[in-house]
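This report refers to the structure that appears directly beneath it.
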Amino acid sequence: FERGLLTGRHVLINAGPTREAIDPVRYISNHSSGKMGFALAEAAAEAGARVTLVAGPVSQPTPARVERVDVISAVEMLAACESALPADVFIASAAVADYRPASCAPGKLKKDPGSDDGMTLHMVRNPDILATLANHAQRPGLCVGFAAETDDVLGYASDKLTRKNLDLIIANDVSQPGIGFNADENAVTLIDRSLAPQPLAQASKQKLARQIIAVVAARLTNPS
Ligand code: C5P
């Protein structure tokens, strides 16, 4: 892992979950510690890049020499990512909520004391941050996504690669215990446009982040 690999490059990374407000006290969110994205930001900074890390609500310390922008919702995360352009690389590690409540109630929603009925929440689609940046007028030269899947991991991941117009997708099998969500270790497979899968063995998220950043740097110097 060479320290000057990404000198002069701007790497944009998003991480963590998004939180979609239902009312002033409630929200819908995803499981995500942000560990993988923060490890990537740290590795990119160590490799000499200028790093912008757009973070959802997580409790991770900001890595050294990383510019962190905190956001809550998917809409805010998209705006912060677009504001950070231009970038040479975009790595989308955030667990973005696919839907948000159509509106946030101005006051705390109350239970109906006279009824045991359930309640229906109307949700609308959130923007796809990765697909938006990968099809942007200021598209980063290298757009990298994550695909957390439970079955047919490589099939769904390569489908996402083409559908979202990505250069690289990092697939991980979240049905396996001990890796993925909230865990300290991960095991991933990198898939590029040639659809040749490159597995990276189970390791700490820090070690995998350095391997991923080395692959990203190699592609910037030698696009294929
Ligand atoms: O389609 P799916 O959510 O599985 O795709 C995962 C990839 O897309 C991740 O890189 C994630 O950060 C990104 N994504 C996004 N905006 C969304 C949903 C997913 O950027 N609304």
Side-chain angles (χ1 to χ4, degrees), residues 11-21 27-41 44 51-58 60 69-85 87 89-102 123-136 138-140 142-176 179-182 186 188-193 200 205 208-209 212-213 215-216 219:
V11 176
L12 171 62
I13 299 173
N14 67 12
T18 65
R19 223 177 241 183
E20 312 298 331
Y27 59 81
I28 287 175
S29 191
N30 282 320
H31 287 296
S32 171
S33 62
K35 279 176 193 161
M36 193 66 234
F38 275 63
L40 285 162
V51 181
T52 306
L53 175 60
V54 177
V58 292
Q60 300 288 336
V69 182
D70 285 307
V71 296
I72 307 284
S73 68
V75 168
E76 286 170 17
M77 187 176 271
L78 173 61
C81 289
E82 287 190 278
S83 299
L85 296 176
V89 180
F90 176 48
I91 306 179
S93 74
V96 184
D98 290 322
Y99 299 89
R100 66 176 181 277
M123 312 266 284
V124 295
R125 273 295 277 272
N126 262 332
D128 190 307
I129 298 171
L130 177 53
T132 304
L133 266 69
N135 293 286
H136 203 276
Q138 294 185 84
R139 183 191 194 276
L142 208 61
C143 289
V144 183
F146 272 80
E149 308 289 348
T150 52
D151 53 290
D152 189 13
V153 178
L154 298 186
Y156 284 112
S158 37
D159 175 62
K160 260 166 219 179
L161 176 87
T162 29
R163 193 160 35 82
K164 299 196 188 199
N165 191 30
L166 311 181
D167 303 285
L168 200 61
I169 193 145
I170 303 167
N172 68 319
D173 185 345
V174 290
S175 69
Q176 292 193 48
I179 60 170
F181 293 137
N182 295 316
N186 208 349
V188 300
T189 301
L190 309 188
I191 304 166
D192 66 8
R193 284 172 182 264
L200 301 182
K205 288 183 175 174
L208 284 172
I212 292 166
I213 290 301
V215 169
V216 162
R219 281 181 177 258

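The chain is numbered in sequence order, starting from 1. Numbering of ligands and ligand atoms starts at 1, following listing order.
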Check this for me: does any side-chain nitrogen of one of [X] and [Y] sit under 4.0 Å from a carboxylate oxygen of the other?
X	Y	answer
Arg139	Asp167	yes
Glu149	Lys160	yes
Lys164	Asp128	yes

Would you mind running through ligand 1 and noting each atom that sits below 4.0 Å from a heavy atom of [X]?
X	result
Ala92	9 (C), 10 (O), 12 (O)
Asp98	18 (C)
Gly145	10 (O)

Worksheet entry | Steps toward side chain to side chain contact (heavy atoms under 4.5 Å, CB included) verdict (Ile91, Phe146) | CA-CA 8 Å; Ile91 306 179; Phe146 272 80; 4.0 Å; yes

Would you mind checking which non-hydrogen protein atom is closest to [atom], with the distance to 0.1 Å?
atom	result
atom 16 (N) of ligand 1	Ile129 N, 3.0 Å
atom 4 (O) of ligand 1	Lys160 NZ, 2.5 Å
atom 5 (O) of ligand 1	Lys164 NZ, 3.0 Å
atom 9 (C) of ligand 1	Phe146 O, 3.2 Å

Practice prompt. Just let me know how Pro127 lines up against ligand 1, side chain, backbone, both or neither, with a heavy-atom cut-off below 4.0 Å.
Written response: backbone

Discussion item. Does ligand 1 come near enough to Leu130 that some N or O of the ligand is less than 3.5 Å from an N or O of the residue?
Written reply: yes

Discussion item. Asp98 vs Asn126, test: side-chain hydrogen bond (donor to acceptor under 3.5 Å, both in side chains). Steps then yes/no.
Written reply: CA-CA 5 Å; Asp98 290 322; Asn126 262 332; over 6 Å; no

Worksheet item: Should Ser175 and Asp173 be marked as a side-chain hydrogen bond (donor to acceptor under 3.5 Å, both in side chains) after you check the CA-CA gap, both sets of side-chain angles, and the distance that decides it?
Response: CA-CA 5 Å; Ser175 69; Asp173 185 345; 2.6 Å; yes

Practice prompt. Assess whether side chain to side chain contact (heavy atoms under 4.5 Å, CB included) is satisfied between Leu208 and Leu40, documenting all intermediate values.
Written response: CA-CA 8 Å; Leu208 284 172; Leu40 285 162; over 6 Å; no

Fill in: For atom 12 (O) of ligand 1, the option (of Ala15, Ala74, Ala94) bearing the nearest heavy atom
Ala94

